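Written out below as structure tokens is the structure these notes cover.
Position 1 is the first residue of the sequence; numbering continues from there. In this text the structure is predicted, and so the values were computed from the model without any measurement.
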Amino acid sequence: MKKIKSINKIVGRLLCISTVTMLFSSCESFLDREPLDQVSQATFWKTPEQLDAYIMGKYSWLPGDFGAWGMGYLVQDQNSDDMVVGLNHPAWMNGENNTTPVSGGNWNWGAIREINMFFDNYTLCESPFSSYEQTYGEACFLKAYKYHELVQNFGDVPWYSSVISDTDEELLNKARDPRSLVVDSIMGLIDQAVDHLQLRSVVGVNRLNKETALIYKSRVALFEATWAKYHAGTPSASDVDPDTYFKKAIEAYTQFKQLCGGFEGKLYSTGNPDTDYYNLFNRFDYADIQEVTLSKKYSRALGIPNNLNVQVWSYGYYNCSYTLDLIQSYLSKSGQSVDITNSSVIPGKGCDYLLNLANTLDPRYRQIVFTPGDLINSVTAGFIDSLFTVPQIHLSEAARNTTTGFSPKKSHNPEGPIINQSDPLVSGIGFRVSELLLNYVEAYVELHGAFPDLSDNIDLIRKRVGMPTLTEVKPVVEKWWPDYGYPISDNLAIIRQERRVELAGEGLRSNDWKRWRAHKLFDGKRPRGFRFDQSDYDKIGVQPNVQLDEEGYIDPYKVSLNGGGFHFKPERDYLSPIPLNELLINPNLKQNPGWDSPK
């Protein structure tokens with residue numbers, strides 16, 4: 001009996017719908033609903049409104065969240081080669097997170113239990129299925145989303161179709177199912193979501209919709225296909241068939257064209273290539289921007305605030321900044337490779353260096369990195385008409401500095417007040433169409449070697465910023481392009497770079513290098529920042545406390561890494577450990593390679 005109680009404590013939680021700190025704008029009417037734990041289970045599931053209320057209470061699980069005070073997904077790339085956080089390196093990237101937890105960690109099944117409660121009870125609704133079909137589709141999406149989080153962390157996991165009974169010893173002691181079984185089940189749920197969710201034009205940008213489900217289908221399919229391909233023969237190997245899932249990623253793209261009206265007009269553009277990409281990420285509302293298929297609306301007046309307007313500038317993008325290695329991925333405005341570390345190609349130091357980069361590189365560079373002359377704010381007293389002059393690396397409060405000098409401005413809006421949690425507030429992006437286009441081309445190249453017709457995918461993305469299309473100009477893959485630790489074709493190298501640039505700073509890079517098994521992107525290396533020039537700071541009478549490498553680039557982790565590079569543990573750290581108490585409770589669970597098991 002003790003065993004049953006212990007596992008119920010971990011796997012189960014009392015189910016309730018409480019007022020959550022973050023809801024989508026269309027959820028406002030649900031904030032005053034009676035919590036489920038105050039309602040009889042026998043009567044709760046009878047109406048479409050009750051089903052809808054239950055599922056809306058799970059929307060806080062979805063991406064696009066900033067939180068009340070932080071930066072959310074915009075700084076999730078700090079566990080990658082694209083972003084630096086402060087002066088202390090991420091311990092996980094250096095193999096330092098080497099303790100198997102006794103309890104807790106990410107082995108959390110509360111969400112799966114909650115969503116399974118819906119699937120166990122929705123048929124009790126007394127109205128026809130058509131009256132809650134959208135809600136059913138949302139439930140399918142949410143279960144797929146939470147299950148895939150577990151797969152990303154642990155690999156093989158048990159698959160549960162229903163809430164586990166206290167007396168079901170077989171399920172309470174279930175072993176991990178093969179990854180392929182779980183992923184096939186996840187994909188089945190996503191296909192159900194595609195079938196039953198309505199279009200964005202019907203339900204809006206703040207509710208799950210068919211477009212979002214297809215983007216997510218392509219994301220999961222590409223993740224699983226590439227993980228299976230590149231982790232083959234390693235301790236983190238998968239039994240998923242790569243080609244099957246590359247085809248599913250391609251299928252999602254084709255379905256989008258058939259079911260959602262294609263891609264014409266789907267990418268945000270006002271015909272201003274020097275600002276459209278920048279303005280895509282700083283909207284107060286995404287209702288009219290078709291590229292964004294799912295968004296989280298923030299409003300202090302509605303009780304769902306964020307502090308993005310303040311964090312972007314006054315708090316140095318939450319102490320995060322982009323790496324030189326990311327900036328090296330940008331092509332020239334003519335679509336050719338350019339070595340930005342070659343001083344004869346990109347001359348100058350400090351602010352001159354930043355200006356020369358902005359004048360040379362793909363316009364998306366200047367639209368995500370603050371450059372001297374950029375407007376900071378136009379509405380806040382003390383900041384009105386203020387301009388960016390130097391990177392914020394000189395403040396005495398180190399946690400407010402953008403330590404590499406490449407200061408992010410993705411989501412920056414000069415019309416947002418630099419006052420804590422003050423309206424209007426920038427909304428979060430959960431999914432956008434460009435990812436689907438990039439997923440499709442990568443999957444196609446993985447499967448066929450050659451590029452597909454690029455006219456309605458990569459070429460559209462490039463046209464937005466005035467870059468030559470990839471059909472017209474294919475860059476030469478040079479020796480300074482990324483080393484993934486294994487050879488890849490030029491076509492694959494090009495699409496990986498296109499992806500890196502278009503999706504920079506959106507929280508997807510960490511999962512990209514993990515699915516590619518590409519720890520060599522940073523292993524044995526230290527990230528660098530821009531070419532520093534003290535004379536920029538002499539003009540304002542300060543001397544930043546920065547570390548430089550032998551070439552004069554900022555070296556933020558020089559002290560933290562003791563002058564060496566990262567030492568990732570690939571045989572262990574691609575998968576997370578199962579907590580020791582879970583292995584004691586259920587002896588049929590087996591630990592992931594390299595992590596401790598109970599003695």
Side-chain angles (χ1 to χ4, degrees), residues 4 7-62 108-150 158-168 170-172 174 185-186 188-198 202-204 206-210 212-213 216 294:
I4 295 173
I7 196 150
N8 279 344
K9 183 179 179 182
I10 296 160
V11 177
R13 293 287 185 270
L14 289 175
L15 294 176
C16 66
I17 294 180
S18 57
T19 301
V20 292
T21 57
M22 165 49 53
L23 286 178
F24 285 57
S25 62
S26 56
C27 309
E28 297 156 33
S29 60
F30 298 102
L31 291 175
D32 297 322
R33 298 261 183 183
E34 187 175 13
L36 182 57
D37 59 2
Q38 298 174 16
V39 179
S40 168
Q41 283 278 359
T43 61
F44 179 77
W45 306 97
K46 299 299 184 182
T47 70
E49 291 77 17
Q50 289 171 326
L51 299 183
D52 198 42
Y54 187 80
I55 290 303
M56 291 305 297
K58 316 305 173 198
Y59 262 57
S60 59
W61 298 350
L62 293 169
N108 188 330
W109 292 83
I112 300 302
R113 179 181 170 86
E114 289 183 32
I115 201 66
N116 277 343
M117 182 69 76
F118 175 91
F119 286 106
D120 286 352
N121 289 283
Y122 79 91
T123 55
L124 298 175
C125 183
E126 296 171 349
S127 299
F129 179 72
S130 59
S131 66
Y132 58 86
E133 184 176 3
Q134 166 72 18
T135 306
Y136 176 83
E138 291 169 317
C140 291
F141 186 103
L142 288 161
K143 182 171 180 177
Y145 189 81
K146 296 307 288 186
Y147 240 116
H148 199 242
E149 283 185 345
L150 290 166
W159 177 261
Y160 296 110
S161 299
S162 298
V163 175
I164 303 173
S165 165
D166 289 353
T167 58
D168 194 331
E170 182 179 354
L171 288 179
L172 290 171
K174 184 177 172 62
S185 301
I186 290 169
L189 286 168
I190 298 173
D191 283 337
Q192 285 285 300
V194 171
D195 287 344
H196 297 293
L197 288 171
Q198 298 192 66
V202 177
V203 297
N206 303 128
R207 292 291 294 254
L208 285 166
N209 48 60
K210 198 177 298 290
T212 296
Y216 187 57
L294 189 69

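- A donor-acceptor pair is defined here as one N or O able to donate and one able to accept, closer than 3.5 Å; such a pair exists between the side chain of Gln134 and the backbone of Gln198.
- For Thr135, the side chain to side chain donor-acceptor pair (under 3.5 Å) test picks out Asp52, with sequence neighbours left out.
- Listed by chain and residue number, Lys217 satisfy the side chain to side chain donor-acceptor pair (under 3.5 Å) test with Asp191 (two or more places apart in sequence, or in another chain).
- Under the salt bridge (charged side-chain N to carboxylate O under 4.0 Å, His left out) criterion, the residue pairs touching residues 129-140 are Glu138-Arg207, with sequence neighbours excluded.
- To the nearest 0.5 angstrom, Ile112 atom CD1 is 5.5 Å from Leu150 atom CG.
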Please tabulate, for side-chain N and O atoms in residues 139-149, each donor-acceptor pair with protein atoms closer than 3.5 Å (sequence neighbours left out).
residue, atom, partner, partner atom, Å
Lys143, NZ, Asn116, OD1, 2.7
Lys143, NZ, Tyr160, O, 3.1
Lys146, NZ, Glu149, OE1, 2.8
Tyr147, OH, Pro158, O, 2.8
Tyr147, OH, Tyr160, N, 2.7
His148, NE2, Glu224, OE2, 2.7

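- Residues satisfying the ring-ring contact (aromatic ring centres under 6.0 Å, His included) test with Tyr122, not counting sequence neighbours, are Phe118, Tyr136.
- Nearest approach of Ala213 to Val194, heavy atoms of both residues: CB-CG2, 3.7 Å.
- Taking both residues in full, the closest heavy atoms of Trp61 and Ala111 are given as CH2-O, 3.4 Å, listed atom of the first, atom of the second, then distance.
- From Leu51, atom CG reaches atom OG1 of Thr123 across 9.5 Å, with rounding to the nearest 0.5 Å.
- With Gln50 contributing its side chain and Cys125 its backbone, the two residues share no donor-acceptor pair below 3.5 Å.
- Between atom CG of residue Leu124 and atom CZ of residue Phe44 there is a gap of 11.5 Å, rounded to the nearest 0.5 Å.
- Here Ser162 pairs with Asp120 under the side-chain contact (heavy atoms from CB on, under 4.5 Å) rule; sequence neighbours left out.
- Separating the CG atom in Leu208 from the CD1 atom in Ile55 is a distance of 9.5 Å, to the nearest 0.5 Å.
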